[in-house]
Structures are given as structure tokens and as C-alpha cells.
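Side chains included, hydrogens not; waters and symmetry mates left out as well; all remaining heavy atoms used. Chain A is the first sequence line, chain B the second, and so forth, proteins listed ahead of strands; every chain is numbered from 1. No experiment lies behind these values; they were computed from the predicted model shown.
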Number of protein chains: 2
Amino acid sequence: MKLTNKKQNRKNLKFAILATDVVIFSIRENILNVLLIEINIPPYYKNIYGVPGGLILPEETAEDSVYGHMKNKAGIKNIDIEQLYTFSSVDRDPRGRVVSVAYFGLTTTVETSSSAKVYWKDVKKLPKLAYDHKGIIKKALERLKAKVGYTTIIKGLLPKEFTLSDLQTAYEVVLNKKFDKRNFRKKMLSFGFLKTAGAKQTGVANRPADLYKFSVGSTQTFDIFRS
Amino acid sequence: MKLTNKKQNRKNLKFAILATDVVIFSIRENILNVLLIEINIPPYYKNIYGVPGGLILPEETAEDSVYGHMKNKAGIKNIDIEQLYTFSSVDRDPRGRVVSVAYFGLTTTVETSSSAKVYWKDVKKLPKLAYDHKGIIKKALERLKAKVGYTTIIKGLLPKEFTLSDLQTAYEVVLNKKFDKRNFRKKMLSFGFLKTAGAKQTGVANRPADLYKFSVGSTQTFDIFRS
DNA sequence: GCAAAAGTGTTCTTTATACACCCATGT
DNA sequence: ACATGGGTGTATAAAGAACACTTTTGC
């Protein structure tokens, strides 16, 4: 962090533009989806998509910036995000040096009330993407898979109240792996981070399931799944 | 990552200076130490220490930058580092906006062949530090503790060949926790990431221990310690 | 021969896995 | 009455934890 103290040099040190990008995951129809947004930067990019993002302003932290861009460009607010990685390849933006601090977040909010072209896409069937966004999504997915194994982060993919089957499906979709129903339930309830919501499902054409909610506020660490 | 395409605006977007900081850990006399370097930025900082770091240059990635600063300022080279977190608080540097991409690394190289004032310090007895470096070290330590539990990262704290007692001590020092010798050895050998080096300790005033080395090159994930 | 760390097995407890049937509701 | 997903227990296997003595070397 040492930098020269000569004021006349400071201008030359400000060579890079700072940006943020955010990978937002959501489960739709039992498939893990990522939020994409149209990128239109002629002559470099047209008819192409990428993850939402944008500039960091002088008076903002990276995190402030992400919240603003999520809201303005994708209509997504009130979701928890966490820092993923900072991408600093010299040529990652065709217009010049742009260093991006990437974040990732989870949501159940499927509505994307925004004027921009925004859509959800199966993470396994991504189209060609702008910039290094494919690599950013790949890294976010790795992080998500790792974190569901030792934290309660899965909470972000579920509504406030959910059934144990919903919870199981969420894990199965993220980890791409099936679990035994009885063992799954035993294990989940043993952790103590769930409590019954005191109600049952309604309007289903089968026996209604008990509803549960998380009894912990923020993401906590547990030993959830090992492999 | 969308940014305005108007060239005349791009200069105003370059408001921040980019820097890297690196937290280097090493075990010395059964204590986890961190490498500190004198920070001298009058009138803001004098007689104060912090972790090594410095500017990112226009043609460098953050990672390139860290390797350069580690070598030039602390005389440390040939160590593996990984990205830790990007610190972007607006006021973290008294001279203006500096966004720092922080890294952390492990080493056994205790010699710090450098002209700058560089020294190793017990992570539990840190003095007052410049900038937000105390927070950076705290985050690095959390990451290190987490990663020894599910990767072979501990390798970075050990010489090429080491005894099982050395390995146990390394885990104990990092996790601040004692292990049972027999159970520890059984478990470590069961993973298969160790192999005998075919030699024994020499010059010790007790029964010489077998030497081992890691049979894996880079850091790999295993289920090493749960709690 | 003594001090110092190395090396080594067994028992018990806890956790994980495999597995199949009846239940409550909507249509 | 039937189709659909909900809800439950037990037996076996695997992993983790607790625990003490003999061995090899330098001095």
C-alpha cells in the first residue's frame, strides 16, 4: 500500500476504472438459474448478455455499488451478497483497463422489474457471454457449492417458509446430487437451525407438508454436507 | 460492468488508486507469525508497521503486483498466494481513495533479505498497525483457519520434508488446539497426501523421527478437520 | 542410565448409510 | 378409488475419540 507521496504523480496512478459485477442465483422449476442482462457496448458488444454490474463511483464502496446496480439494472433488492473475487486481467474489457470486484448473491425474487432486458438462464446452458463473465459465473458457482456444505447460505434460495422437500430440492439442485429423504430430514432437523412455522401447505393435491423456517438470521457455519 | 462510452468521461471515472497488500504467515518457534514492514508516509504514518504491499501498475494484474512487492519490499519469493478480499472503504487511506486487493500466503522462509525494516510478529500480539491492516490480517487468519480444515494448504507452512510431529504442531499452532498423537497420525496417513521421504531426522537428542513429504503438488481439498 | 520425543492398537461412542411402507389430501 | 407427495424407524457400517506403554537416540 506504500505509494509515492509526490502529488504530481498521483494522477498517473489513476489508470483503471473500477467496476462491480454480480452473479445472482435463483432456483426456478428445479433448475439453478443465473440472472443475465443485455450488454450493449457498440462496437464491442451487441446481442450479447452478461451478469449485471457497473461502475463504482468515487464516493461508494464496492458493496454500495453492487446494491445500486442490482436495483437499477435488474430490479433486485433486499438480497444478501458476498464478495466473490476481484478480476484484474489487463485486457478483460475491450475499452481499457477495468478492474471488477465481483459479488454473488441468492434470491427467490423471480420478478425482475426493470426496463432493461433481463432474464434467468440455466447455469448449465449458458450462452456466449460478454467480457470474462463466464469465468465469473463459474467461480461463483464453485463458491456456492462449497458454501452450502458448511453454512446455512441455502436460506437465500428459499422463501421465508418452506417444506423439508423444498429444502432438499434446493440442496439437490445446487449440488447436483440426490439425497435420501429420511436421512436428509434427520440431519437437517438435528442441526437446530430450522423451526416449524406452525402451518401446513395448502392447495396441493396430496398430503400437505409441514412448513419450516430458519431460526438463524444470517448465514452460519455448520457441518452440513461433506462430499 | 457497463460503463459510459463517452471518451471524455473516462478520465473522471479513474478516481481511485489500486493497490495490493499481502499477509504472509509463518510458524516460528511454535507460534504463528505474520510479516510486518515499516510504513513511513509523513505526515500520516511514521513509526508504524503494516503488511507489505504497494501499487498496482497499469500493465500488471493484482497478482503480478503482489509478487513484485513481496520480492522487492520483503525479500520473499517463490511462495504461493491466494486472493483474500478487496478492501474498498472510501477512507481507508488518509491520502485519498485507494482500493486494495489483499492476498495471503504461507512460507517457511524466515530470512527476509531486504533493506526495509521487516520483521515477523506473533499474530496474537500485533502492535497498532497502519491503514486497515489489522482487519486485513484478521480476515486472512480466519481464511487460513478455515482452509486448513478442508485443504492441504498447511503444506505452505512446512519444509519439503518434515516429521508427523512437525505436521501436528503446524495444525495445532494454526487452529490453536491440541490433537491426540495416535489419532492424528492415523488420520493424516489415511488421506494419502503424504509419503515417506525415506530418511530419518538426524542430530536430535531422542529417537529420530521418520521424514515425510506431501505427495500432492498444489493445494487439494480433503475433509481434514471438521470443528 | 536417563531424558526426550517417536511410534504403535484397541475399545467405545457417534455419525452416516441403506432401506419400505402407511398417511393425508385433491380430483 | 386413485394419484401424489408427506412422513416415519431400524439395523449395519464407518468414522471419531479416548487412552498408555515401549523404542530409539544423544548426552
Side-chain angles (χ1 to χ4, degrees), chain A residues 27 29-31 148-150 152 158-159 161-173 175-213 221-227, chain B residues 27 29-31 148-152 154 158-159 161-173 175-213 221-227:
Chain A
I27 293 177
E29 293 161 10
N30 290 354
I31 289 171
V148 295
Y150 63 92
T152 56
L158 292 162
E161 303 193 346
F162 50 87
T163 69
L164 289 178
S165 292
D166 293 339
L167 182 63
Q168 184 171 345
T169 300
Y171 277 110
E172 289 177 344
V173 165
L175 294 174
N176 199 27
K177 191 176 174 181
K178 292 282 181 188
F179 295 100
D180 174 86
K181 183 164 60 161
R182 280 171 291 190
N183 294 338
F184 179 87
R185 293 156 107 92
K186 250 181 296 181
K187 190 164 184 176
M188 285 298 140
L189 294 172
S190 78
F191 286 121
F193 56 62
L194 298 177
K195 58 181 175 190
T196 55
K200 280 180 189 290
Q201 269 184 322
T202 54
V204 284
N206 51 47
R207 176 174 174 178
D210 290 336
L211 292 173
Y212 287 83
K213 52 188 175 183
T221 62
F222 287 92
D223 215 359
I224 301 186
F225 292 115
R226 305 222 259 152
S227 58
Chain B
I27 293 176
E29 294 161 8
N30 290 357
I31 290 171
V148 295
Y150 63 93
T151 73
T152 55
I154 199 86
L158 292 161
E161 303 194 344
F162 50 87
T163 68
L164 290 178
S165 294
D166 292 338
L167 182 63
Q168 181 170 347
T169 300
Y171 276 111
E172 289 177 341
V173 166
L175 295 174
N176 200 26
K177 192 176 170 180
K178 290 284 180 187
F179 294 100
D180 175 87
K181 183 165 61 163
R182 279 170 293 186
N183 294 338
F184 178 86
R185 291 156 107 92
K186 250 182 292 182
K187 190 163 185 177
M188 285 299 140
L189 294 172
S190 78
F191 287 120
F193 56 62
L194 297 178
K195 59 181 176 188
T196 54
K200 282 181 187 289
Q201 271 184 321
T202 54
V204 285
N206 51 45
R207 178 173 173 177
D210 289 337
L211 292 172
Y212 288 82
K213 51 189 175 184
T221 63
F222 287 90
D223 214 1
I224 301 185
F225 293 115
R226 303 223 260 154
S227 59

- Stepwise, does the side-chain contact (heavy atoms from CB on, under 4.5 Å) test hold for A/Ile27 with A/Thr169? CA-CA 9 Å; A/Ile27 293 177; A/Thr169 300; 5.6 Å; no
Between [atom2] on [N] and [atom1] on [X], what's the gap in Å once rounded to a whole number?
X        : N      : atom1 : atom2 : result
A/Phe184 : D/dT8  : CZ    : P     : 15 Å
A/Phe162 : D/dG5  : CZ    : P     : 20 Å
A/Met188 : C/dT15 : CE    : P     : 15 Å
B/Asp223 : D/dA14 : CG    : P     : 17 Å
A/Arg185 : C/dT17 : CZ    : P     : 18 Å
B/Lys187 : D/dA14 : NZ    : P     : 17 Å

- Note on the structure: Taking C/dA16, D/dC19, C/dA6 as options, the one with an atom nearest any side-chain atom of B/Asn183 is D/dC19
- So which nucleotide from C/dA16, D/dA20, D/dT8 ends up closest to the side chain of A/Lys181? D/dT8
So do [Y] and [X] actually touch side chain to side chain, heavy atoms under 4.5 Å?
X        : Y        : value
A/Met188 : A/Phe179 : no
B/Thr152 : B/Phe222 : yes
B/Pro159 : B/Lys213 : no

- Query: For B/Arg182 and D/dA18, is the shortest distance between a side-chain N/O and OP1 or OP2 below 4.0 Å?
  - Reply: no
- Query: When you check the phosphate oxygens OP1 and OP2 of D/dG6, does a side-chain N or O of A/Ser165 lie under 4.0 Å from one of them?
  - Reply: yes
- Residue closer to the 5' end of DNA chain D, A/Lys186 versus A/Leu211 (nearest nucleotide): A/Leu211
- Item | Separation between OH of B/Tyr212 and CG of B/Leu167, rounded to the nearest 0.5 Å | 10.5 Å
- Message: Under 4.0 Å, counting only non-hydrogen atoms across every strand here, what does A/Asp180 touch: a base, just sugar-phosphate, or nothing?
- Response: base
Protein-nucleic acid N or O pairs under 3.5 Å, nucleotides 25-27 of chain C:
residue, atom, partner, partner atom, Å
C/dT25, O2, A/Asn206, N, 3.4

- Does a donor on one side chain and an acceptor on the other come within less than 3.5 Å for A/Asp166 and A/Thr163? yes
Using atom types as modelled, flag every donor-acceptor pair under 3.5 Å from a side chain in residues 200-209 of chain A to any protein atom, sequence neighbours excluded.
residue, atom, partner, partner atom, Å
A/Lys200, NZ, A/Asp210, OD1, 2.6
A/Gln201, OE1, A/Ala209, N, 3.0

